[in-house]
*Asks:* 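Have a look at this one.
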Amino acid sequence: MFSQRLGQNSARAKNITATIAKFICKDMRPYSVVENPGFREMIQTLEPRYTIPSRPHFSKKVIPALYESTKNDVKLSLSKAERVAITTDGWTSCSNQGYVTITSHHIDPEWKMKTFVLLTRVLNEAHTGKNIGTLLREACMEWKIYDKNPAIVTDNARNMIVAGAEAQFSPHITCFAHTLNLASQKGLGWTVLPGCWGKCENLLDIFTAARLHVTPYRKNKLMDLPKQKLIQDIITRWNSSFEMLERFLEQQPAIMATLMSKDLRKGVTDVGTLSDIANMDDIVQLMGPVKMATTVMCEEDQPTLSVIAPLQAKLLKHLQPCEDDSTLVAEIKRVMASDLSTRYRGTQDALNIASALDPRFKELPYLEKEDREQVYTKLVFEAEVSHQMQAMGNQEEDEGSSSTKLSGFNEETTAPNESPPCKKKALDALFGDSFTQRERKSTSETARAEVLKYRAKDALPLTENAMKWWRSQEKELPVLSTLAKRYLCIPGTSVPAEHVFSTAGDMVNAQRSVLQPDHVDQLIF
């Protein structure tokens with residue numbers, strides 16, 4: 001016999017209900033999970049006295065309450081930010097509803113990057129730049145971050161460029177990973193290259209038809225080659241084409257040996273020539289550094305704005321023409337360099353200042369000496385403005401504190417050892433000219449001195465964490481540390497918003513195609 005059942009308002013029952021709500025959110029389970037026989041049996045076994053609330057109880061009460069509680073915590077975190085950067089993108093659910101997701105990024109007082117999915121909203125109107133820009137402004141007002149001088153990172157789509165301008169966010173940075181993808185697709189779309197892709201795809205068809213997804217083990221072993229599958233490219237991802245060619249070249253001896261079988265080659269007339277293989281090798285050699293740059297942007301933990309300028313400069317140098325370049329390589333370089341060099345003209349100053357504020361890149365080796373000095377001149381100016389703003393903020397706080405103290409002042413509340421205000425004024429009248437306080441440094445001098453001190457420090461190794469470095473230097477470099485928070489919080493890509501698509505795909509699936517938009521927003525958040 002079990003003891004009396006738990007009341008819904010008991011601490012134990014509330015705790016279990018809250019845990020089930022977190023389970024639904026964290027594991028992206030449908031609300032209907034609380035009605036599933038297996039789930040109910042498990043809960044009954046763990047706590048026989050507990051009665052599982054109904055599905056509407058979770059969807060209309062428990063999850064919304066959890067959402068509001070978490071939302072207040074996020075707002076508190078955002079309120080402490082020096083600046084908030086946002087990323088945004090649109091996606092379509094399986095029920096053909098158009099959503100826009102907005103994520104936020106800021107550096108907290110402990111120098112940790114904080115990333116939140118702020119909202120996921122249905123945009124029933126056309127996804128024009130104006131409509132998305134209006135949504136961005138409304139979101140910033142709702143989350144009280146409009147006064148945080150929000151920066152924005154999006155892909156290169158025209159409507160997103162217009163949206164940033166409509167929302168009046170600055171700087172508006174285009175995703176570097178997306179930029180690399182566009183430049184690479186332009187370069188690799190040259191007329192000679194489709195033939196290379198076609199040869200590889202023909203080989204894939206041959207091996208697939210023969211059910212040889214992996215090149216024959218015996219051939220691999222004899223030729224001392226790694227046992228790997230051939231790779232099929234995806235038209236929207238240039239690096240998949242690179243990986244397809246790279247794998248083909250790696251497995252090429254085993255592939256050619258396997259293709260000696262007449263049965264395997266039956267009906268196939270073109271599997272590639274020596275010229276095709278030479279072209280493939282040239283492409284792989286050329287695109288290797290571009291693939292590495294893409295990997296940095298997509299796999300590095302929180303790649304910031306500071307990495308864009310060094311990567312862009314490195315790639316443009318790699319794409320400079322050489323005497324030994326074949327016609328194919330020369331044309332690819334020309335097309336890619338032309339596209340890549342024009343992408344960040346309007347935001348180059350922001351990119352360079354961000355790199356200067358990253359202790360790993362502060363030497364700015366990718367710039368000429370004169371250009372480096374110009375960047376640091378601009379940094380001194382920004383530091384001066386930042387210092388003035390901080391001083392004004394501190395003065396307002398002091399005046400508010402002083403007025404509060406003076407409003408309650410009288411003779412009885414004067415400290416025993418403190419001279420009355422009239423005596424202080426008399427002393428100042430008698431000796432003010434003779435006993436003047438040492439003048440404080442101007443904001444300009446303070447900013448310049450701090451920048452010089454910062455430049456004198458050793459650069460941080462590339463493998464080290466820039467955030468940890470700034471945390472250790474915050475007291476010594478207070479003005480620049482504030483600027484660093486304002487620039488290094490800006491992501492170098494819009495990947496954070498795009499990562500939500502996979503989450504949303506799990507959330508808005510065929511089983512929950514009629515999930516209400518506000519519930520989608522709450523669960524993804």
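These numbers come from the heavy atoms of this one structure, side chains and all, not from hydrogens, waters or symmetry mates.
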*Asks:* So, Thr179 and Asn156: side-chain donor and acceptor under 3.5 Å apart, yes or no?
*Replies:*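 Thr179 vs Asn156: donor-acceptor pair found between side chains.
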*Asks:* Distance check, rounded to the nearest 0.5 Å: Lys314 atom NZ versus Leu319 atom CG?
*Replies:*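 CG of Leu319 is found 12.0 Å from NZ of Lys314.
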*Asks:* Would you tabulate the side-chain donor-acceptor contacts of residues 106-113 under 3.5 Å, counting partners in other chains and residues two or more places apart, or write 'none'?
*Replies:*
| unit_1 | atom_1 | unit_2 | atom_2 | d |
| --- | --- | --- | --- | --- |
| His106 | NE2 | Ser77 | O | 3.3 |
| His106 | NE2 | Ser77 | OG | 3.1 |
| Asp108 | OD1 | Glu110 | N | 2.9 |
| Asp108 | OD1 | Trp111 | N | 3.0 |
| Asp108 | OD1 | Lys112 | N | 2.8 |
| Glu110 | OE1 | Arg471 | NH2 | 2.5 |
| Trp111 | NE1 | Glu474 | OE1 | 3.1 |

*Asks:* Tell me, with the steps shown, if Leu328 and Ile283 meet side chain to side chain contact (heavy atoms under 4.5 Å, CB included).
*Replies:* CA-CA 9 Å; Leu328 173 68; Ile283 295 168; 4.2 Å; yes
*Asks:* Taking Trp469's backbone N and O only, do any of them form a donor-acceptor pair with Ser472's side chain (distance below 3.5 Å, no angle check)?
*Replies:*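 Between the backbone of Trp469 and the side chain of Ser472 there is a qualifying donor-acceptor contact (under 3.5 Å).
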*Asks:* Return yes if some donor-acceptor pair links the side-chain N/O of Asp282 with the main-chain N/O of Val329 below 3.5 Å, else return no.
*Replies:*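 Judged by distance alone, no pair lies under 3.5 Å.
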*Asks:* Which label fits Tyr376 and Tyr454: parallel for a plane angle under 30°, tilted from 30 to 60°, or perpendicular past 60°?
*Replies:*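 Ring orientation, 0 to 90° scale: tilted.
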*Asks:* Taking side chain as C-beta onward, heavy atoms only, is Asn131 less than 4.5 Å from Val100?
*Replies:*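 No, every pair of side-chain atoms sits at 4.5 Å or beyond.
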*Asks:* Look at the side chain of Arg121 and the backbone N and O of Tyr99, then say whether any donor-acceptor pair between them is shorter than 3.5 Å.
*Replies:*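 No, because the side chain of Arg121 does not come within donor-acceptor range (under 3.5 Å) of the backbone of Tyr99.
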*Asks:* If you look only at pairs with a residue in residues 60-75, which of them pass as a salt bridge (charged side-chain N to carboxylate O under 4.0 Å, His left out), with sequence neighbours excluded?
*Replies:*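 Salt bridge (charged side-chain N to carboxylate O under 4.0 Å, His left out) check on residues 60-75 returns Lys71-Glu142.
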*Asks:* Phe176 and side-chain contact (heavy atoms from CB on, under 4.5 Å): which partner among Ile308, Val153, Leu305?
*Replies:*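 Among Ile308, Val153, Leu305, the one that satisfies the side-chain contact (heavy atoms from CB on, under 4.5 Å) with Phe176 is Ile308.
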*Asks:* Give a yes or no on whether the backbone of Ala65 and the side-chain of Ser69 come within a donor-acceptor separation of less than 3.5 Å.
*Replies:*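 Pair absent, no side-chain N/O of Ser69 close to backbone of Ala65.
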*Asks:* Is the side chain of Ser386 donor-acceptor paired with the backbone N or O of Ala383 at a distance under 3.5 Å, no angle test?
*Replies:*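 No, Ser386 side chain to Ala383 backbone: no donor-acceptor pair under 3.5 Å.
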*Asks:* Can you confirm whether more than 12 heavy atoms, excluding those of Gln8, are under 6.0 Å from its CD atom?
*Replies:*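 For Gln8, atom CD is not crowded (no more than 12 foreign heavy atoms under 6.0 Å).
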*Asks:* Kindly write out the residues that satisfy salt bridge (Lys or Arg N to Asp or Glu O under 4.0 Å) with Asp349, not counting sequence neighbours, or none if the list is empty.
*Replies:*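 Only Lys378 meet the salt bridge (Lys or Arg N to Asp or Glu O under 4.0 Å) criterion with Asp349.
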*Asks:* Measure the spacing between CE of Met160 and NE2 of His127 and express it to the nearest 0.5 Å.
*Replies:*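 NE2 of His127 is found 8.5 Å from CE of Met160.
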*Asks:* Can you tell me if Gln312 uses its side chain to pair, donor with acceptor, with the backbone of Leu340 under 3.5 Å?
*Replies:*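 Confirmed, Gln312 side chain pairs with Leu340 backbone.
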*Asks:* Any donor-acceptor pair under 3.5 Å linking the side chain of Ser338 with the backbone of Arg334?
*Replies:*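 No; zero donor-acceptor contacts below 3.5 Å.
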*Asks:* Are any non-hydrogen side-chain atoms of Val296 and Met292 less than 4.5 angstrom apart?
*Replies:*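 Side-chain contact under 4.5 Å: no.
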*Asks:* Hey, is the main chain of Leu488 close enough, under 3.5 Å, to the side chain of His105 for a donor-acceptor pair?
*Replies:*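 Checking the backbone N and O of Leu488 against the side chain of His105, no donor-acceptor pair under 3.5 Å is found.
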*Asks:* Between Val33 and Ile20, is any pair of side-chain heavy atoms under 4.5 Å apart?
*Replies:*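 A side-chain contact is absent here, since even the closest heavy-atom pair is not under 4.5 Å.
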*Asks:* Counting N and O atoms only, with roles assigned by atom type, does the side chain of Asn465 sit under 3.5 Å from a partner on the main chain of Lys468, one being a donor and the other an acceptor?
*Replies:*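 Looks like yes, one N/O pair under 3.5 Å.
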*Asks:* Could I get the full list of salt bridge (Lys or Arg N to Asp or Glu O under 4.0 Å) partners for Lys114, not counting sequence neighbours?
*Replies:*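 Listed in chain order: nothing, the list is empty.
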*Asks:* Could you check whether any side-chain heavy atom of Ser59 comes within less than 4.5 Å of a side-chain heavy atom of His519, counting everything from C-beta outward?
*Replies:*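 The answer is yes, as the side chains (C-beta and beyond) meet within the 4.5 Å cut-off.
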*Asks:* Just wondering, do Asp339 and Met336 contact through their side chains at under 4.5 Å, heavy atoms?
*Replies:*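 A side-chain contact is absent here, since even the closest heavy-atom pair is not under 4.5 Å.
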*Asks:* Not counting sequence neighbours, list each pair that qualifies as a side chain to side chain donor-acceptor pair (under 3.5 Å) and has a residue in residues 158-176.
*Replies:*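 Qualifying pairs: Thr154-His172.
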*Asks:* Side-chain contact, heavy-atom cut-off 4.5 Å: Ser306 with Tyr487?
*Replies:*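 No, every pair of side-chain atoms sits at 4.5 Å or beyond.
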*Asks:* Could you go through Leu136 and Ile102, starting from their C-alpha distance and side-chain angles, then the distance that decides it, and tell me whether this counts as side chain to side chain contact (heavy atoms under 4.5 Å, CB included)?
*Replies:* CA-CA 8 Å; Leu136 291 173; Ile102 299 174; 3.6 Å; yes
*Asks:* A quick test of your reading: do over 12 heavy atoms of other residues, nucleotides or ligands sit less than 6.0 Å from CZ of Phe23?
*Replies:*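 Correct, the count exceeds 12.
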*Asks:* What's the separation between atom CD in Glu382 and atom OG1 in Thr482, rounded to the nearest 0.5 Å?
*Replies:*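 If I round to the nearest 0.5 Å, the distance is 12.5 Å.
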*Asks:* Keeping the roles fixed (side chain from Asp358, backbone from Arg360), state whether a donor-acceptor pair exists under 3.5 Å.
*Replies:*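 Yes, Asp358 side chain to Arg360 backbone: donor-acceptor pair under 3.5 Å.
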*Asks:* Is there a donor in the side chain of Tyr366 and an acceptor in the side chain of Asn352, or the other way round, less than 3.5 Å apart?
*Replies:*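 Yes, because at least one side-chain N or O of Tyr366 sits under 3.5 Å from a partner of the opposite role on Asn352.
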*Asks:* Is Asp27 salt-bridged to Arg29, cutoff N-O under 4.0 Å?
*Replies:*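 Between Arg29 and Asp27 there is no salt bridge, as every charged N stays at least 4.0 Å from the carboxylate O atoms.
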*Asks:* Can you find a pair of side-chain heavy atoms, one from Gln473 and one from Ser481, that are under 4.5 Å apart?
*Replies:*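 Sidechains of Ser481 and Gln473: no contact.
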*Asks:* List in chain and number order the residues that pass ring-ring contact (aromatic ring centres under 6.0 Å, His included) with Tyr67, two or more places apart in sequence or in another chain; answer none if no residue qualifies.
*Replies:*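 Scan of Tyr67 (ring-ring contact (aromatic ring centres under 6.0 Å, His included), adjacent residues dropped) gives Phe525.
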*Asks:* Can you find a pair of side-chain heavy atoms, one from Met297 and one from Leu311, that are under 4.5 Å apart?
*Replies:*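 Contact flag for Met297/Leu311 side chains = yes.
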